[in-house]
Structure formats: structure tokens, C-alpha cells
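Down below is the structure, laid out as C-alpha cells.
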2 protein chains.
Amino acid sequence: MQDELMTIREMCDAFDVTPRTLRFYESRELIFPERRGQRRLYDRRDRARLTLILRGKRFGFSLEQIRQLLEFYEPGGDNLHQIVATLNIGRDRLGDMERQYAELGEAIQDLKAQIVEAEARIAAMTRDTHED
Amino acid sequence: MQDELMTIREMCDAFDVTPRTLRFYESRELIFPERRGQRRLYDRRDRARLTLILRGKRFGFSLEQIRQLLEFYEPGGDNLHQIVATLNIGRDRLGDMERQYAELGEAIQDLKAQIVEAEARIAAMTRDTHED
DNA sequence: CGTCTTCCTTACGTTCGCGTCAACTTGTGC
DNA sequence: GCACAAGTTGACGCGAACGTAAGGAAGACG
């Protein structure tokens with residue numbers, strides 16, 4: 001059961017990133033591809049993690065924040081203290097994301113209002129032009 | 001009508017940024033405070049722009065993207081072509097933000113599910129411990 | 001066997017967003 | 001008048017997130 005292993009190039013093509021980026025994420029302990037000799041091989045789990053990494057980046061999270069989130073998505077520690085700790089990290093991140101979600105909603109409303117206004121200005125200008 | 005002018009220090013205290021940050025934003029043409037002699041003085045408009053800047057940063061936008069957004073929030077050009085151009089920039093950003101909003105919503109749901117799962121694991125562990 | 005391609009490591013370079021001095025001007029109180 | 005606080009302009013520094021070039025290993029192919 002090879003679990004759909006992919007080479008670094010296949011990963012780059014699939015996710016639109018460079019090899020350098022994948023190696024960099026690995027150096028920061030965000031992904032842990034297998035090694036067949038020297039070569040890296042990425043499985044389903046690595047792809048899932050990379051998806052979350054790129055998503056997190058789009059939200060403006062740092063790689064370190066994302067690393068903590070990933071840690072949360074994978075069981076990790078086996079003792080209660082560890083699990084509670086990562087749970088709290090998850091809750092913190094959730095709080096961040098919910099705040100950001102709410103704020104983004106407002107920003108979208110503001111921007112929409114501005115767009116409507118701009119459209120009105122354009123309508124007025126073209127109307128004036130045609131009535132000239 | 002002084003329009004509530006504030007010094008750089010008052011701005012820093014109000015927005016929790018450093019003077020360096022405000023001067024840096026100015027160098028990147030994000031804000032344009034008046035000058036009384038050498039000293040900078042910030043009015044209501046500058047504060048509104050700074051609010052949008054800090055908000056944009058929280059969303060992970062670059063200062064350049066934010067600059068374009070700000071350009072959109074202020075009339076700017078007086079000819080039709082200019083206005084249409086900035087309108088399109090605004091629409092692009094709106095699209096970005098709406099995509100991000102939707103994705104963030106999903107991410108929040110995912111994370112919530114993970115948290116519930118982690119809570120269940122903790123409940124099971126403590127129950128086992130107490131039943132020992 | 002040599003060559004080609006793909007990957008590897010090492011390491012220095014780059015951009016963004018400021019932090020951190022250093023040295024100078026400018027009101028402000030005493 | 002003179003110290004002092006607040007502000008100013010360079011200029012260099014720094015961490016994050018990669019880009020990029022140099023040199024080497026390793027399997028595939030004719």
C-alpha cells in the first residue's frame with residue numbers, strides 16, 4: 001500500500017509551489033515526506049498538510065502559527081497534558097479566525113458600498129456626457 | 001476648522017503603532033499627514049486610512065494591495081477612465097475578500113470539528129482515569 | 001561507458017515590514 | 001539662555017519566507 005506517493009515535482013505541479021518551498025516547509029517542520037534513498041516522497045497526509053498550509057497562508061497566518069495548527073490536526077502527544085495544551089492552541093486559533101471572519105464580513109460590506117457609490121458616479125458622468 | 005489634528009505620538013497611542021511605522025506607511029504613500037513646519041499632523045482622513053491599513057494587514061494583504069484599496073476609497077482621478085480603472089481594482093479585491101471569507105468559514109467549521117473531537121478524547125481519557 | 005535528467009545539500013541573496021541607533025532641529029519650561 | 005522633551009531624517013539591521021546559483025549524487029538510456 002503505497003498511499004499514492006508523489007515526487008517533489010509532481011507535488012509542485014499539483015499545488016503550484018516550488019521545490020524550494022516544499023523543502024523550506026520541511027525544514028520548518030510543517031511536512032515530513034518519506035525518503036526513498038535521498039529523494040523525498042509525499043503521501044496523502046503530506047498533501048493534506050500542504051493544503052492546510054497554503055490555506056493558512058492565504059489567511060495571513062505565519063508559518064509558525066500554521067505549524068501549531070497542524071500539530072493540532074494530528075493527534076501528536078499521548079498524554080492528557082499535551083492534548084489539553086494543543087486543544088487550547090486550537091481554541092486560540094479558532095478565536096483569531098472567528099474575529100477575522102467577522103471583521104472580513106464588515107470590510108466586504110464597506111467595500112460593496114464603495115463600489116455601488118463608484119458605479120453611481122460613473123453612471124452620472126456617462127449620463128452627463130450623453131446629455132451634452 | 002482644524003479637523004481634530006493629532007501628533008504622531010497621539011496617533012501611536014491611539015492605534016498602538018510606532019512612529020517608525022507611521023513614517024514607513026507615509027514613505028510607501030499610504031498616508032499623507034500635513035506638515036506644520038517639520039512636524040507631521042494627522043487629521044480624520046489619515047486616521048480613517050490607518051484604520052483600513054491595519055485592518056487590511058490583519059487579512060494578510062500586502063501594503064501595496066492596501067495602497068490600491070485606499071486609492072479606491074478616495075475618489076482620486078477625475079476622468080472616467082481613472083474611475084473605471086479603480087472600480088475594477090475594487091471589484092478584484094472584493095472578489096479576493098469574498099473568496100477568503102468563504103474559505104475562512106470552511107476552515108472555522110473544520111477546526112471546530114477537530115476541537116469537539118479533541119474534547120471527546122480528553123473526556124474519554126479522564127473518564128478512564130477515574131474508573132481505574 | 002558517457003550523458004541526461006532529476007533530485008539533493010549548502011549557502012548566499014532578496015523583498016517586505018518594520019526596529020534601532022545616530023545626529024540634528026524645534027518648540028517649551030524654568 | 002539653556003536644558004529637555006518630542007520630532008525629524010538618514011542609515012543600517014533583522015526575521016520571515018522564500019529565490020537562486022553552485023556543486024554533487026543517482027538512476028535511466030543509448
Side-chain angles (χ1 to χ4, degrees), chain A residues 2 4-43 46-47 49-71 89 93 96 100 103, chain B residues 2 4-43 46-47 49-71 93 96 100:
Chain A
Q2 304 264 40
E4 301 260 357
L5 294 176
M6 288 173 66
T7 71
I8 198 169
R9 183 106 306 275
E10 289 168 343
M11 288 290 285
C12 292
D13 293 345
F15 289 90
D16 193 32
V17 293
T18 70
R20 175 69 174 112
T21 298
L22 293 180
R23 295 189 196 109
F24 182 71
Y25 290 166
E26 187 179 346
S27 77
R28 296 307 199 78
E29 308 195 336
L30 294 172
I31 40 180
F32 312 96
E34 284 177 44
R35 292 300 183 108
R36 183 98 67 219
Q38 281 277 69
R39 277 79 188 285
R40 293 169 171 80
L41 289 177
Y42 301 82
D43 61 12
D46 295 317
R47 289 193 288 279
R49 293 175 74 94
L50 183 54
T51 299
L52 287 176
I53 293 168
L54 298 178
R55 178 194 270 179
K57 284 205 57 188
R58 262 169 270 140
F59 300 155
F61 288 157
S62 73
L63 291 185
E64 175 54 23
Q65 288 177 316
I66 293 171
R67 198 188 58 74
Q68 292 182 6
L69 248 178
L70 287 172
E71 205 169 298
I89 291 176
R93 285 282 158 277
D96 290 350
Q100 192 167 332
E103 207 175 351
Chain B
Q2 303 264 39
E4 302 259 359
L5 295 176
M6 289 172 66
T7 71
I8 198 168
R9 182 106 305 273
E10 289 168 342
M11 288 291 284
C12 292
D13 293 346
F15 289 90
D16 193 31
V17 293
T18 69
R20 174 68 173 112
T21 299
L22 293 180
R23 295 191 195 108
F24 182 70
Y25 290 165
E26 187 178 346
S27 77
R28 295 306 199 76
E29 306 194 340
L30 295 172
I31 39 180
F32 312 96
E34 284 177 45
R35 293 300 183 108
R36 183 99 65 221
Q38 281 277 69
R39 277 78 188 287
R40 294 168 171 81
L41 288 177
Y42 301 83
D43 61 13
D46 295 316
R47 289 193 288 278
R49 293 175 75 93
L50 183 53
T51 299
L52 288 176
I53 293 168
L54 298 179
R55 178 194 270 179
K57 284 204 56 187
R58 262 169 269 141
F59 299 154
F61 289 156
S62 72
L63 291 185
E64 176 53 25
Q65 288 177 317
I66 293 171
R67 198 188 58 74
Q68 291 182 8
L69 248 177
L70 287 172
E71 206 169 297
R93 285 280 158 276
D96 290 351
Q100 192 167 331

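The model shown is predicted, which means the values in this text are computed figures rather than measured ones. All values below were derived from every heavy atom in this structure, side-chain atoms included, with hydrogens, water molecules and symmetry-related copies excluded. Numbers restart at 1 for each chain; the letters A, B, ... are given by sequence-line order, proteins then strands.
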Subject >> Whole-Å distance separating the OH atom of B/Y42 from the C1' atom of D/dA6 >> reply: 13 Å
Original post:
Counting only N and O atoms by type, is there a donor-acceptor contact under 3.5 Å from the side chain of A/Q100 to the main-chain atoms of A/F59?
Top reply: yes
Subject >> Cationic N near anionic O, under 4.0 Å, A/R49 to A/D46 >> reply: no
Subject >> Check ion pair B/R23-B/E26 (N to O, under 4.0 angstrom) >> reply: no
**OP:** For B/R9, report the nucleic acid contact type (base, sugar-phosphate, nothing); a contact means any heavy atom under 4.0 Å.
**Re:** sugar-phosphate
**OP:** Establish, with yes or no, whether the OP1 or OP2 oxygen of D/dA6 is under 4.0 angstrom from a side-chain nitrogen or oxygen of B/T7.
**Re:** no
Original post:
Can you tell me how far P of C/dC8 sits from CD of A/E34, to the nearest Å?
Top reply: 13 Å
Subject >> Interatomic distance, A/E26 CD vs C/dC8 C1' [rounded to whole Å] >> reply: 11 Å
Subject >> Working for side chain to side chain contact (heavy atoms under 4.5 Å, CB included), residues B/E34 and B/R40 >> reply: CA-CA 6 Å; B/E34 284 177 45; B/R40 294 168 171 81; over 6 Å; no
**OP:** Begin with the C-alpha distance, continue with both residues' side-chain angles, and end with the deciding distance and a verdict on side chain to side chain contact (heavy atoms under 4.5 Å, CB included) for B/R55 and B/F61.
**Re:** CA-CA 9 Å; B/R55 178 194 270 179; B/F61 289 156; over 6 Å; no
Original post:
Between B/R40 and D/dG7, does any side-chain N or O lie under 4.0 Å from OP1 or OP2?
Top reply: no
Original post:
Tell me: CZ of A/R23 to P of C/dT10, nearest whole Å?
Top reply: 12 Å
Original post:
Please give, in whole Å, the distance from D/dC18 C1' to A/I8 CD1?
Top reply: 14 Å
Original post:
Think A/R35 has a side-chain N or O under 4.0 angstrom from the OP1 or OP2 of C/dT9?
Top reply: yes
Subject >> Rounded distance (Å) that lies between atom P of C/dT6 and atom CG of A/L22 >> reply: 17 Å
**OP:** Let me have a per-nucleotide readout for nucleotides 14-28 of chain C, 5' to 3', with B, S or -, counting only protein heavy atoms under 4.0 Å.
**Re:** ---BBBB-----B--
Original post:
Taking side chain as C-beta onward, heavy atoms only, is A/L22 less than 4.5 Å from A/F15?
Top reply: no
